[in-house]
Amino acid sequence: ILTVNPGMHGEESSGTHGVGRHVIIAELSSSPLMEENMYYNPNKTLSRQRLFNFVIGARGCGKTYGAKRTVITRFLRDGTQFVYLRRYETEMPAAEMRNFFDDISDEFPEVDFKSYNGIFRINNKIAGWYFPLSKAIMLKSIPFPNVGLIIFDEFIIEVGIYHYLPNEVRTFLECYSTISRDRDVPVLFLSNAITMTNPYFIYFNITFEKHQTVKLLKHISVELIQSEEYAKHVSQTKFGELIADTEYGSYHTQNTFLLD
């Protein structure tokens, strides 16, 4: 059984200064988070030992894919389980969730993947759970002692068809408390670059300067995924040529915030 590294309590102490309710440990100017094959790899993010990790990247740069690879590898290695969250049940239709591992299964040809009824199974063993944040209150009596990572996908939304939940951050914190039970279970918050104005950044008083790609607070990291290789790859496609020099093109390939 794997429990989360207790080193999260051991924070750096030199060169800090206060910001809101947090302490800035470092502000980095570049982001070494993309794999050599130009797609996002969460291992560098998680190695920084922050509790809440906000990862914002261009569409298609592999945020969810990289998170899947991480949880599969961890489960096969030592049985570490995970939780996958979206905001609403309509974002997790049964047919779509049954195919959750289809895009990555070729990397693990000897592994059997199944997902149904809110449970992920790998080689017929429970590897994790999935459920919407809007119904997380119903899970207070369910224990998650072996969960070592939480993934909250699409945590930033373009308000329109969907809206944030009432008191959403508090709802998430209640959900986190239910899962972690006083253990330091890290969270990957994943999103496209829609807007910096969202309930989580407001609640935790997170600001971001234009030159920054990584900001490390005492228990929070915020990262903007940049990849020249990915942008070049997209620019060479017909769709990339179509959206070149447009507002959407900057959002899609350059990680420029769509609404800011």
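Counting from 1, the numbers follow the sequence of the chain as shown. None of these values were measured; they are calculated from a predicted model. Atoms considered below: every heavy atom in the structure, side chains included; atoms not considered: hydrogens, waters and symmetry mates.
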Any chance you could measure [X], atom [atom1], to [Y], atom [atom2], to the nearest 0.5 Å?
X	Y	atom1	atom2	value
T195	I56	OG1	CD1	9.0 Å
D112	R121	CG	CZ	11.0 Å
T213	I225	OG1	CD1	8.5 Å
F82	R74	CZ	CZ	11.5 Å
E96	S115	CD	OG	10.5 Å
R86	M92	CZ	CE	7.0 Å

Under 30°, 30 to 60°, or over 60°: which ring-plane class applies to F189 and F54, parallel, tilted or perpendicular? parallel
Fit a plane to each ring of Y88 and Y162, take the angle between them on a 0 to 90° scale, and name the class: parallel (under 30°), tilted (30 to 60°) or perpendicular (over 60°).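 Parallel.
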Write down the atom of [X], the atom of [Y], and the distance for their closest heavy-atom approach.
X	Y	value
N99	A95	ND2-O, 3.2 Å
P186	R50	CB-O, 4.0 Å
L216	R48	CD2-CD, 3.6 Å
N198	Y164	CB-OH, 3.6 Å

Do the non-hydrogen side-chain atoms of [X] and [Y] ever get within less than 4.5 Å of each other?
X	Y	result
I122	F108	no
K114	I119	no
Y84	F152	no
F52	F204	yes
V187	L149	no
I72	F113	yes
P42	L188	yes
L190	I151	yes

Here's one to test your reading of the geometry: is the NZ or CZ of K68 within 45 degrees of the ring axis of F100 and under 6.0 Å from its centre? yes
Answer with yes or no whether the hydrophobic clustering places [X] together with [Y]; edges join I, L, V, M, F, W, Y residues whose side-chain heavy atoms lie under 4.5 Å apart.
X	Y	result
M97	Y116	no
V169	I137	no
V185	I142	yes

Is there a side chain to side chain contact (heavy atoms under 4.5 Å, CB included) between E174 and K140? Walk through the geometry before answering. CA-CA 9 Å; E174 286 283 350; K140 283 193 171 183; 3.8 Å; yes
Pair D184-L51, side chain to side chain contact (heavy atoms under 4.5 Å, CB included): steps then yes or no: CA-CA 7 Å; D184 289 333; L51 197 64; 3.9 Å; yes
Got a donor-acceptor contact below 3.5 angstrom from the [X] side chain to the [Y] backbone?
X	Y	result
T73	T70	no
R183	G148	no
N205	F201	no

Check whether the side chains of [X] and [Y] place a donor and an acceptor atom closer than 3.5 Å, and report yes or no.
X	Y	answer
T207	K215	yes
T45	N53	no
Y65	D103	no
E223	Y40	no
Y200	E168	yes

Listed partners of F208 passing ring pair (Phe, Tyr, Trp, His ring centres under 6.0 Å), at least two apart: none
Just wondering, more than 12 heavy atoms not from R181 lying within 6.0 Å of its CZ?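 Yes, because the 6.0 Å sphere around CZ of R181 holds more than 12 heavy atoms from other groups.
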Enumerate donor-acceptor pairs with a distance under 3.5 Å from any side-chain N or O in residues 125-136 to protein atoms, sequence neighbours excluded.
unit_1	atom_1	unit_2	atom_2	d
Y130	OH	N117	N	3.3
Y130	OH	G118	N	3.2
S134	OG	R87	O	3.3
K135	NZ	E89	OE1	2.6

With side chain to side chain contact (heavy atoms under 4.5 Å, CB included) as the criterion, how do I206 and L217 come out once you've worked through the C-alpha distance, each side chain's angles and the decisive distance to 0.1 Å? CA-CA 9 Å; I206 296 171; L217 309 178; 4.2 Å; yes
Check the pair I150 / I179 against side chain to side chain contact (heavy atoms under 4.5 Å, CB included), numbers first and verdict last. CA-CA 9 Å; I150 299 169; I179 296 169; 3.9 Å; yes
Does F101 have its ring centroid less than 6.0 Å away from the ring centroid of F120?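 So the answer is yes for these two rings.
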Any residue meeting side chain to side chain donor-acceptor pair (under 3.5 Å) with Q81, in chain and number order, not counting sequence neighbours: none
